[in-house]
Amino acid sequence: MPIFFKNQFYLLSFIIAFPLLFSCSNEAIENYYLVIGSSVTNVELSTVNDLKNDLSKVLDGKIQIISESNQLKLKEKGAFFILGTPQTSGLIKDLSIDNQIKLSSNIPGARGGIWSKTILPNGQNAIIIGGSDIEGLQYAIYDYSKDILGVDPLEYWTGKLPIKKTMEDLFSFTSKTISPPKVPMLTYFENDVDELANYRGKLLEYDWESYTELINSLVRLRYNSIQLFDMLGRPEFFIRPEYKALKPDYQIDINYVDKMIDYAHEKGMKVAVDFALGYQIHPMEAEKADCWKQYKEDWLQAWRYYFEKTPLAKTDIFILRPRHQVWDWEYESTCGESKIEVFNEVYEAFGNLVDEYKPNVQKVLVCYSDGMEMWNEGFRPPTDWTVLWSDHGFGDFEHLPNTTDGYKFGTYMHAGYWSNHTVHNPYPEKVETVMKEMFQTYGADNYCLVNGQNFRPFLLNLEAYSEVCNNPETFNGNAFYKSWTERYFSKEAAQHAVSSMKWLHKAQEGRKGYVEHLWEIREAVSYLSNAPIRRPGKTPIPFDYKRVEGDLENTAHCKNYLQKSLEEAQKGYQLTQEKDNFYHAYILLPVVLYSDLIAFETTLHNMSVLKKEFEDTKSHEALEKAKALIPEAKQKLQVVYQNRASGDIDEKWKNWYSIKIRRQNNGFPTPDMLEDIEANLNKMTL
C-alpha cells in the first residue's frame, strides 16, 4: 500500500470529518492537483490533460498533473483529483480494496465509472474520478466536465463557454456510479463530409483542427469509435466529373491518414474501416467488382495490400457491405452468380483474411437495403460477424429482419442523410421510439453505427443517439429536446427553438430533405426547358410533366410547415442575447435556407402548371403567365445564392454554405438554367 494511504484509521477519520472541514474552510485554494497513476496510459493522460484544460477555463488557480509517486506534491495544500482505474492507479486500487469506493473491473463494469469525495490524510479535499477501465474513466471525467464544470462537449461547434467556478462548485455533487452504456460500441461514420472538408479552403481534406475537434467532441459524447470513409479517397473524388472539376489534382495523402488514425487512437477511439475496394488509397478496377468467381484473387490481393502496405493495417473494427465493392450500389453479377452465394463466400474469405492478420478483432456486416433483402432471403455470414440493420436514412426502417438467427445484432442509423445534408432533420422523438423498439424486439443493442454526414448540422441527432444508446430506459425525446436547447438558450427562446425544429422535421416527411428538393428542381427545370436531365455516366432522363406533378403536393406541404418553423425560429431569435450566433446558425439559418429553396421551387412549379395548361389547351394567356414568372424565379434564385453566401454571422463558419464547396449531390440550380427556360418558353410562342 502506498505511504499516502497506509494509515486507514486516519483516512477514515478524515472521511467522517469531511463535511465539517469542507464547510469551515475559507482559505482560498491556489493549487489544484490532478493525481495520475504510476501505470497511466497514453489515453488516460490525454483525458486528464483535457480535464486540466477544462479546469483552466473555470478556475484561476494553478493546475498541475502529478504522479501518485510524487510524495512531496501529495503533501502540499490544495484540492486534489485522484484519477485512474484499479489497473493503472495504486491509489484507486487501494481505495477499492479498503472499500472506500466500489470500483473494480466488474463494478460497475466495462465503460463504467464513479465520482466520489474524500479528505486525504494531509487534510486536503479530494475528488475521486475512476473507471472500471480506461473508457469508463474517460466518460466519468468528461461527464464531470459537462455536469459540474459546465464545459460543453460540443464547445468548438457551438461557441458555448463555461462560467467561472469556485472550489465549492467543484465539490457540489453527490457520489455516483456511472453505469456502462447499454450499447457497447458506438461508431461515428465519417461519410459525405464535403462541407467539413472544404470550408477552410483545402478541398476534400480535413484540416487538422476540424478533424481533431470532431474526435474530441465525439469522445465526450461516448462515441468510442470512428469509421473512416471519405478521407480514404472515395471513388467519386477522383472519378466523377463534378469532383474532377472541383479538384482535378485530387490525391489522397496517406501519411495524413496515418496521422488521423493515430490521433483517434490517442483519444481512446477505435478505428473502423469498410474494406471496400475503390478507395484511392489503393483502387481496384470497377470492372473486377461485379464478378467474384472470376476476380476472387484480385479482391483478396487488394485486401492483402490494405493489410500490408497501408495505414489500414491499424484498423480495429473491420466492416464489409454485401454490395458492389467499388461503387456504393447493389451487386449485380456480370457472370451469372447468385449474389447470396457470392457473399456467403466473400464474408468467409475476408473473415479468414482478417483472422490471419488481426485475430480476435470485431467484424461487422452492414446491411443496406439490398443487404437486408438478402438477409431475409437466406444470406448468412460466419457467426462471428456482428450484423447491423440499416434505417432508410431518416431514422426509420423500410425493412425489418425476419429473424436475427442468433447473431449479435446492431443498427446503422442516420443523424444526417445525403438528401438533407444541408439542413438537418431533427427527430429525437423518433430516435426514442425506433431505437427502443430495435433494442426490445430484435436485441439490436450490440453495436450502433451513426452516419453523421458533415457533423456540424447534425449535433442534436448525434447526441440523441448517444443518449439512447447509453441508457434507453431514461431517454425521452421531448425531455431531451428541452434539456438540449436550454443548455444553449434561455427557457423562453428554447421553447421556440424546439417548436421550430419540430415543424422543420414535419417539413421533411416522406424523406424529402433539402437535397431531395434539388432533384425536384432539376425535374422542373428539365420540363420547363424541354431538355433531358443529364447525369455523368448514366442514361439521360427525358423531360416529363408527370415528374413535376408528383412533386407539387409535397412541396406545398413543405412550404406551409417551413413557414411555421420560420415564425417560431424568428420569435426565439428575438429573445436571444445580442443575436446569439449559435441560435442563428442552428435554429434560424437552416430554416431560412430551406425556405429560400422551396420558394424558388414553388415558382418553378407554378410555371410548370401554366406550361402544361398551354400544352393541353393552347391557351396563350397561360403561357404568358408562365413567362411573366421568370423575373420572380430569377429574384428568388438570387436570394438562395445571397443567403447561402452570407452564411453564418459567426466569422468562424462564414464559408460553410458556399455553393462552390457544397457536396455535389443533385447539382444546384443556376441562372443559366433560367435563361434556358426563358428561351424555350419564348420559342413555344413562335
Side-chain angles (χ1 to χ4, degrees), residues 392-394 416-427 500-531 533 541-569 589-616 622 625-641 643-644 657 659 662 665-671 673-674 676-677 681:
H392 65 16
F394 283 74
Y417 188 57
W418 72 265
S419 69
N420 70 322
H421 65 67
T422 298
V423 175
H424 69 147
N425 184 350
Y427 43 69
S500 175
M501 286 192 284
K502 287 185 176 182
W503 284 116
L504 179 58
H505 169 59
K506 189 85 172 165
Q508 298 179 79
E509 286 181 337
R511 300 174 73 221
K512 293 286 187 179
Y514 185 100
V515 180
E516 184 68 17
H517 283 279
L518 291 176
W519 177 256
E520 293 180 358
I521 286 170
R522 290 185 70 178
E523 292 176 327
V525 168
S526 171
Y527 170 66
L528 287 167
S529 56
N530 284 15
I533 302 175
I541 300 175
F543 64 89
D544 186 351
Y545 178 72
K546 289 183 179 180
R547 298 182 187 281
V548 181
E549 188 176 35
D551 300 332
L552 298 178
E553 184 177 352
N554 178 270
T555 302
H557 285 312
C558 182
K559 182 179 180 181
N560 179 51
Y561 295 139
L562 284 176
Q563 181 59 39
K564 296 177 186 298
S565 178
L566 184 59
E567 289 171 0
E568 288 296 318
L589 183 58
V591 186
V592 168
L593 296 180
Y594 206 170
S595 299
D596 291 345
L597 192 74
I598 295 301
F600 174 67
E601 183 181 4
T602 299
T603 303
L604 295 184
H605 284 176
N606 292 339
M607 293 171 67
S608 297
V609 170
L610 290 165
K611 177 177 180 279
K612 177 62 174 171
E613 182 182 343
F614 168 74
E615 291 170 340
D616 291 344
K625 286 181 178 179
K627 291 166 59 179
L629 288 174
I630 290 174
E632 179 183 327
K634 290 180 178 180
Q635 183 271 330
K636 288 184 177 177
L637 182 59
Q638 185 179 22
V639 170
V640 169
Y641 273 72
N643 284 336
R644 286 194 66 126
Y657 290 106
I659 292 170
R662 65 171 292 275
N665 280 26
N666 288 345
F668 206 84
T670 66
M673 292 178 179
L674 295 180
D676 292 340
I677 290 171
L681 295 181

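- Counting heavy atoms from C-beta on, the side chains of R662 and L518 come closer than 4.5 Å.
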Are N554 and E509 close enough, and set up right, to give a side chain to side chain contact (heavy atoms under 4.5 Å, CB included), and what steps lead you there? CA-CA 9 Å; N554 178 270; E509 286 181 337; 5.6 Å; no
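- Annotation: salt bridge (Lys or Arg N to Asp or Glu O under 4.0 Å) contacts involving residues 518-530, sequence neighbours excluded, comprise K512-E520.
- Note that the CG atom of L681 and the NZ atom of K611 stand 7.0 Å from one another [nearest 0.5 Å].
- Under the side chain to side chain donor-acceptor pair (under 3.5 Å) criterion, Y417 pairs with R511, sequence neighbours left out.
- In this structure the side chain of S419 reaches within 4.5 angstrom of the side chain of F394, judged on heavy atoms.
- When all heavy atoms of V515 and N666 are compared, the closest pair comes out as O-ND2, 2.9 Å.
- Considering every non-hydrogen atom in both P669 and F600, the closest pair reads CB-CE2, 3.7 Å.
- Summarising the geometry of Y641 relative to P671, their closest heavy-atom pair is OH-CD, 4.1 Å, with the distance given to 0.1 Å.
- For Y545, the ring pair (Phe, Tyr, Trp, His ring centres under 6.0 Å) criterion is met by Y527, not counting sequence neighbours.
- To the nearest 0.5 Å, atom NE2 of residue H517 and atom CG of residue N420 are 10.5 Å apart.
- For the pair V548 and A524, the tightest heavy-atom approach, listed with the atom from each and the gap, is CG2-CA, 3.7 Å.
- Of all the heavy atoms in N425 and H505, the pair that sits closest is OD1-ND1, 2.7 Å.
- Listed by first then second residue, pairs satisfying salt bridge (Lys or Arg N to Asp or Glu O under 4.0 Å) with a partner in residues 630-640 read E632-K636, K634-E675, K634-E678, not counting sequence neighbours.
- Checked against side-chain contact (heavy atoms from CB on, under 4.5 Å), S526 has the following partners two or more places apart in sequence or in another chain: I533, F543.
- Remark: S500 pairs with S565 by the side chain to side chain donor-acceptor pair (under 3.5 Å) rule, at least two apart or across chains.
- With sequence neighbours excluded, no residue forms a ring pair (Phe, Tyr, Trp, His ring centres under 6.0 Å) with H605.
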Derivation and outcome, side chain to side chain contact (heavy atoms under 4.5 Å, CB included), residues K502 and E568: CA-CA 10 Å; K502 287 185 176 182; E568 288 296 318; over 6 Å; no
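- Rounding to the nearest 0.5 Å gives a distance of 14.5 Å between NZ of K625 and CE of M607.
- Contact check for H421 versus Y514: no side-chain heavy atoms found under the 4.5 Å cut-off.
- Take N643 and apply the side-chain contact (heavy atoms from CB on, under 4.5 Å) test, not counting sequence neighbours, and it matches V592, L593, D596, V639, S646.
- In this structure, CD on Q635 lies 11.5 Å from CG on L674, to the nearest 0.5 angstrom.
- The list of salt bridge (Lys or Arg N to Asp or Glu O under 4.0 Å) pairs with a residue in residues 545-567, not counting sequence neighbours, is empty.
- In this structure, the side-chain contact (heavy atoms from CB on, under 4.5 Å) partners of D676, at least two apart in sequence or on a different chain, are S529.
- Here N665 pairs with R663 under the side chain to side chain donor-acceptor pair (under 3.5 Å) rule; sequence neighbours left out.
- Considering CD1 of I598 and OG1 of T603, their distance stands at 11.0 Å, rounded to 0.5 Å.
- A distance-only check finds a donor-acceptor pair linking the side chain of Q508 to the backbone of H424 [under 3.5 Å].
- G393 and Y427 get closest at one heavy-atom pair: O-OH, 3.9 Å.
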Could you go through the side chain to side chain contact (heavy atoms under 4.5 Å, CB included) check for W503 and V591 one step at a time? CA-CA 10 Å; W503 284 116; V591 186; over 6 Å; no
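- L597 CG to T422 OG1: the interatomic distance, rounded to the nearest 0.5 Å, is 8.5 Å.
- Every residue was checked against the side-chain contact (heavy atoms from CB on, under 4.5 Å) condition with P631, not counting sequence neighbours, and none meets it.
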